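Working notes, beginning with the structure itself.
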Amino acid sequence: MPIDYVRLRERLLRAGVAPRHVHRYVRELRDHYDDIVRSEIARGSQRSAAEQIATARLGSEEDLARTVLACSELRSIASRFPALAFGVAPAVVWVSLMIATALVIRTAGDRVAGALGLGEAVMFTAAQIVCLFHVRIAPLLLSIALVIVSARQRAPLSWPLAGTGVVCILAGTLSINVIGRQLGVSSALLPFLSPQSELFGPMSVRALAEGFGCAALMFVAAWFPLVLWRRRTRTA
Amino acid sequence: MTGVPELLVLRLLADREMYGYELVQAIETATGEAISLGEGVVYPMLHVLEERGYLKARRKAHAGRTRVYYSVTAAGRRRLEEAAEEWRRITHAVSQVLNGAFHAH
């Protein structure tokens, strides 16, 4: 029975084999099959006989899949640690990015402004753009990247959903404002989680609802292309 | 026979870079067809050796098609030396037993 390369590829991806190994393996198998067929035809075989020989020499689909699945080193990091890769890492990356940017602005902002001869107004606008990027654009880009990686790896949806959900909720309920030469960080969510903390602003149900609305929009924007793509591939 | 395919692959790729089909042919030719690896299952082994840093892979055009060529890295050469030494030690020991050069107590 000839190898169904698409089925083999899907089986390996769903089993957690790293996409780069899966795609290369399937391509190598196809090339190998073609090489055997060409070589047999060159030796005088009919095409159909050459294809039968190639199928027999390459091995059954089951054997080919089992050999790869036995190699734990070929599994992707995300399939080995899905909670870490899809659940925890995105939030950590986003928060780290914000802290790193804040540190850079604090330590080098004035020097850069001085060197480039930028006025207060320009610096204020630049700071606002950076803040907007961090609370709205960066989480969305991060969520989209997470969705793409999880789709590419055929990962179960639970952890990517949780990971993007956490990032979107944290980002949607957070706001960073430039006040004079300071950054004002406020969260609509944290006061509800820790009522003693007044560092992140007052407890406001309205602000929380707005934050969740924003989070929902980011979440839908991140997942929408995948839903659309899945519908198209199903109907195709 | 554990480790034999790895040893053969490293040894043959140490001479020149090859793609999978070439490598399978080279193993059969070099061993006088005494050893033939499962043709489809040679690739996972190549990928694993690459993951371990013993091989490196690169795409290269050949006869109008691009192929993935494998070659041995410096770590792969060291691994080849170790594996070859281990193989010599084992074959020497087995030969001694087969030739009766031992003293049973």
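Keep in mind that the numbers below use all heavy atoms, side chains included, and drop hydrogens, waters and symmetry copies. Owing to the predicted nature of the structure, the values given are computational and were not obtained by experimental measurement. So you know, we letter chains A, B, ... as the sequences are listed, proteins then strands, and number each from 1.
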- Measure distances from B:Val24 to the heavy atoms of chain A and classify the residue's part below 4.5 Å as side chain, backbone, both or neither. side chain
In terms of heavy-atom contacts, does [atom1] of [X] have more than 12 from other residues, nucleotides or ligands at under 6.0 Å?
X        : atom1 : value
A:Ile77  : CD1   : no
A:Gln46  : CD    : no
A:Trp223 : CH2   : yes

- Choice from B:Arg67, B:Glu39, B:Arg52, B:Glu51 maximising heavy atom contacts with chain A below 4.5 Å: B:Glu39
- Could you tell me which of A:Leu64, A:Leu74, A:Val68, A:Leu29 has the largest number of non-hydrogen atom pairs under 4.5 Å with chain B? A:Leu74
- Would you give the length of the straight line joining atom CE of B:Met45 to atom SG of A:Cys71, rounded to the nearest 0.5 angstrom? 9.5 Å
- Message: Within this structure, what is the CG-CD distance for the pair A:Asp35 and B:Glu22, rounded to the nearest 0.5 Å?
- Response: 9.0 Å
- Please check if the distance between the ring centroids of A:His32 and B:Tyr19 is under 6.0 Å. no
- Determine, stepwise, if the pair B:His47 / A:Glu28 fulfils side chain to side chain donor-acceptor pair (under 3.5 Å). CA-CA 11 Å; B:His47 290 212; A:Glu28 286 174 323; 2.8 Å; yes
- How about B:Arg59 and A:Arg24: do any of their side-chain heavy atoms sit closer than 4.5 Å? yes
- If we only count heavy atoms from C-beta on, is the A:Thr67 to B:Tyr43 side-chain gap below 4.5 Å? no
- Query: So which heavy atom on B:Gly40 is nearest to which on A:Tyr25, and how close?
  - Reply: O-OH, 3.3 Å
- Query: Does any heavy atom of chain B fall under 4.5 Å from the side chain of A:Arg27, the backbone, both, or neither of them?
  - Reply: side chain
